[in-house]
**Student:** 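The structure is given below, and queries will be raised subsequently.
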Protein chains: 2
Amino acid sequence: MVNDVSARLKAVRLMHGLSQRELAKRAGVTNGMISLIEQGRVSPSVASLKKVLDGLPMQLAEFFTMDPASTPQVFYASKELVELGKDAVSLRLVAAHRPGRRMALLHEVYAPGADTGSEMLSHAGEEGGIVVSGRIEVTVGAQTQVLGPGDAYYFSSGVPHRFRNRGRERCEIISAATPPTL
Amino acid sequence: MVNDVSARLKAVRLMHGLSQRELAKRAGVTNGMISLIEQGRVSPSVASLKKVLDGLPMQLAEFFTMDPASTPQVFYASKELVELGKDAVSLRLVAAHRPGRRMALLHEVYAPGADTGSEMLSHAGEEGGIVVSGRIEVTVGAQTQVLGPGDAYYFSSGVPHRFRNRGRERCEIISAATPPTL
DNA sequence: AAGTTCTGTTTAATATCATAGACATGCGGG
DNA sequence: CCCGCATGTCTATGATATTAAACAGAACTT
């Protein structure tokens, strides 16, 4: 991973198709400063870097998290979904083969009786989803709710959570998680 | 989200049970500097902050990613979706009011003829989606494809892109983007 | 070819940061 | 009570970052 601020900044700037002057103008700094940073001739203060990134806009966290080397620029579509389980819960992962994905986008199908288990899941990041069909019982922390078509959820993945299909029909959900756990 | 370096640094230092002087010694900086940073009286250079974090040790990415206030623990669900447009394209955003979200999760409905416009959209981050019903023509960079139910896409948002519903039925998509643009 | 407009780079003056060391406070033991 | 040793804060000085403006090259117009 390139931890060099200069390379990262240049990469993100170019990804946005901006010139040094354009970015500088948006960010409210001088073009010279951007030049110096990108040449690695100065180490900007956090305040300055934040100001620069505000011009994109991009947050500091994303800036340091991202991998400037990979912008595969690819367009993954249709049939590339991948089956991950054939049991009660079936998952199809979008863009599974894409290196350095920042999200996991899933098509989940819960058969009647399906359950992610009583040892509640917990991991870093955030996740959310929208119910497409059927009904699902979602437990997050101390809260439990039954969601139907069109309903949605969103929570920090660190909070223990569990999904159960207690109905007779299968339940379809489309969900996303960042950072990707799959 | 607390984007204040001072609060974050103090939080992580205390989490590690270190005094300003201890941390300063490990990091190879002066205690005074840590004091000034934690008081918010200076904005350290990225180089200096990195040096300080090396004493823990912790990476810049973690530092800015972590939530010093720790886990708001909220569980957004169901009816909290928000209508963003009533025209040809209608959007419902999950957890719209959640501060510091890391993703935008959307339920999008394209009426027949709906089009995101010929000035192609372009912004930072990554996005993906799965088609729930109907058909949609997706153009990303130089590629164009028509996607139907179950099909999916995933790409870097920096690449210009466009969505058009050229059919007679409406098209439903569930999509996610990080970082959130809405 | 001269003019215009874009690109990124460089420089001298200024603003900000980082240091070393002094300073004040608090706590526990002799 | 006073000493030793922690804690975090403050200040003067030197180092570094930032600015504004000049500079040089490439592409395009006239």
Side-chain angles (χ1 to χ4, degrees), chain A residues 2-61 63-64 66 68-69 71 73, chain B residues 2-61 63-64 66 68-69 119-120 122-124 158-160:
Chain A
V2 180
N3 215 340
D4 187 8
V5 172
S6 63
R8 295 184 102 83
L9 179 57
K10 184 162 190 174
V12 303
R13 177 174 64 79
L14 294 178
M15 258 178 230
H16 288 252
L18 296 177
S19 69
Q20 291 182 343
R21 281 185 158 86
E22 274 182 278
L23 174 55
K25 190 176 168 189
R26 295 199 197 188
V29 300
T30 59
N31 62 310
M33 174 180 167
I34 308 244
S35 174
L36 292 173
I37 293 175
E38 290 190 359
Q39 292 172 80
R41 294 171 53 161
V42 300
S43 174
S45 73
V46 172
S48 305
L49 180 59
K50 174 162 170 25
K51 213 165 149 190
V52 169
L53 295 180
D54 283 345
L56 291 173
M58 170 178 259
Q59 302 201 333
L60 285 166
F63 179 76
F64 286 108
M66 70 167 293
T71 312
Q73 173 106 290
Chain B
V2 180
N3 217 338
D4 186 9
V5 173
S6 62
R8 294 183 104 83
L9 180 57
K10 185 163 192 174
V12 301
R13 178 174 62 81
L14 295 178
M15 258 178 230
H16 287 251
L18 296 176
S19 70
Q20 291 182 343
R21 279 186 159 84
E22 273 181 279
L23 174 55
K25 190 177 169 189
R26 294 199 196 188
V29 300
T30 59
N31 61 309
M33 175 183 166
I34 307 247
S35 174
L36 294 173
I37 293 173
E38 290 191 1
Q39 292 172 80
R41 294 174 53 163
V42 301
S43 174
S45 74
V46 172
S48 305
L49 180 59
K50 174 161 172 23
K51 218 165 147 190
V52 170
L53 295 180
D54 282 346
L56 292 174
M58 172 178 254
Q59 301 203 328
L60 286 165
F63 180 75
F64 286 108
M66 69 166 292
E119 334 96 48
M120 311 263 275
S122 173
H123 41 269
V159 185

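Side chains are part of it too, since the values below use all heavy atoms of this structure and drop only hydrogens, waters and symmetry mates. In the text below, chain A, chain B and the rest are named by the order of the sequence lines, each starting its count at 1.
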**Student:** Earliest and latest nucleotide of DNA chain C, 5' to 3', sitting under 4.0 Å from a non-hydrogen atom of chain A?
**Tutor:**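 Nucleotide range with atoms under 4.0 Å of chain A: dT7(C) to dT10(C).
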**Student:** Sequence neighbours excluded, which residues qualify as side-chain contact (heavy atoms from CB on, under 4.5 Å) partners of Asp54(A)?
**Tutor:**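 Testing Asp54(A) for side-chain contact (heavy atoms from CB on, under 4.5 Å), a comparison that skips the adjacent residues, returns Lys50(A).
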**Student:** How would you summarise protein contacts on nucleotides 9-16 of chain D per nucleotide, using B for base, S for sugar-phosphate only and - for none, with heavy-atom distances below 4.0 Å?
**Tutor:** BB------
**Student:** Taking only residues two or more places apart in sequence or in another chain, which ones pass side chain to side chain donor-acceptor pair (under 3.5 Å) with Ser43(A)?
**Tutor:**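 Checked Ser43(A) against side chain to side chain donor-acceptor pair (under 3.5 Å); zero matches.
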**Student:** Can you sort out the partners of Thr30(A) under side-chain contact (heavy atoms from CB on, under 4.5 Å), two or more places apart, ordered by chain and number?
**Tutor:**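 Testing Thr30(A) for side-chain contact (heavy atoms from CB on, under 4.5 Å), a comparison that skips the adjacent residues, returns Met33(A).
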**Student:** With sequence neighbours left out, write down each residue that passes side chain to side chain donor-acceptor pair (under 3.5 Å) with Gln20(B), or none if nothing qualifies.
**Tutor:**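 Once residues adjacent in sequence are excluded, the partners of Gln20(B) under the side chain to side chain donor-acceptor pair (under 3.5 Å) criterion are Glu38(B).
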**Student:** Taking only N and O in the side chain of Ser48(A), is any of them less than 4.0 Å away from OP1 or OP2 of dT18(D)?
**Tutor:**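 For dT18(D), OP1/OP2 do have a side-chain N/O of Ser48(A) under 4.0 Å.
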**Student:** The criterion is side-chain contact (heavy atoms from CB on, under 4.5 Å); which residues satisfy it with Arg26(B), sequence neighbours excluded?
**Tutor:**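 Once residues adjacent in sequence are excluded, the partners of Arg26(B) under the side-chain contact (heavy atoms from CB on, under 4.5 Å) criterion are Leu18(B).
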**Student:** Verify the contact: side-chain N or O of Ser19(B) to OP1 or OP2 of dT7(D), cut-off strictly under 4.0 Å; return yes or no.
**Tutor:**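 It does, given that an N or O in the side chain of Ser19(B) lies less than 4.0 Å from OP1 or OP2 of dT7(D).
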**Student:** For residues 39-48 of chain A, which residue pairs pass the salt bridge (charged side-chain N to carboxylate O under 4.0 Å, His left out) check, not counting sequence neighbours?
**Tutor:**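 Sorted pair list comes back empty.
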**Student:** Would you please name every residue forming a side-chain contact (heavy atoms from CB on, under 4.5 Å) with Ala27(B), sequence neighbours left out?
**Tutor:**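 Applying side-chain contact (heavy atoms from CB on, under 4.5 Å) to Ala27(B) gives Val29(B).
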**Student:** Rounded at 0.5 Å granularity, tell me how far OG in Ser6(B) sits from CD1 in Ile34(B).
**Tutor:**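 Taking OG in Ser6(B) and CD1 in Ile34(B), the distance rounds to 12.5 Å.
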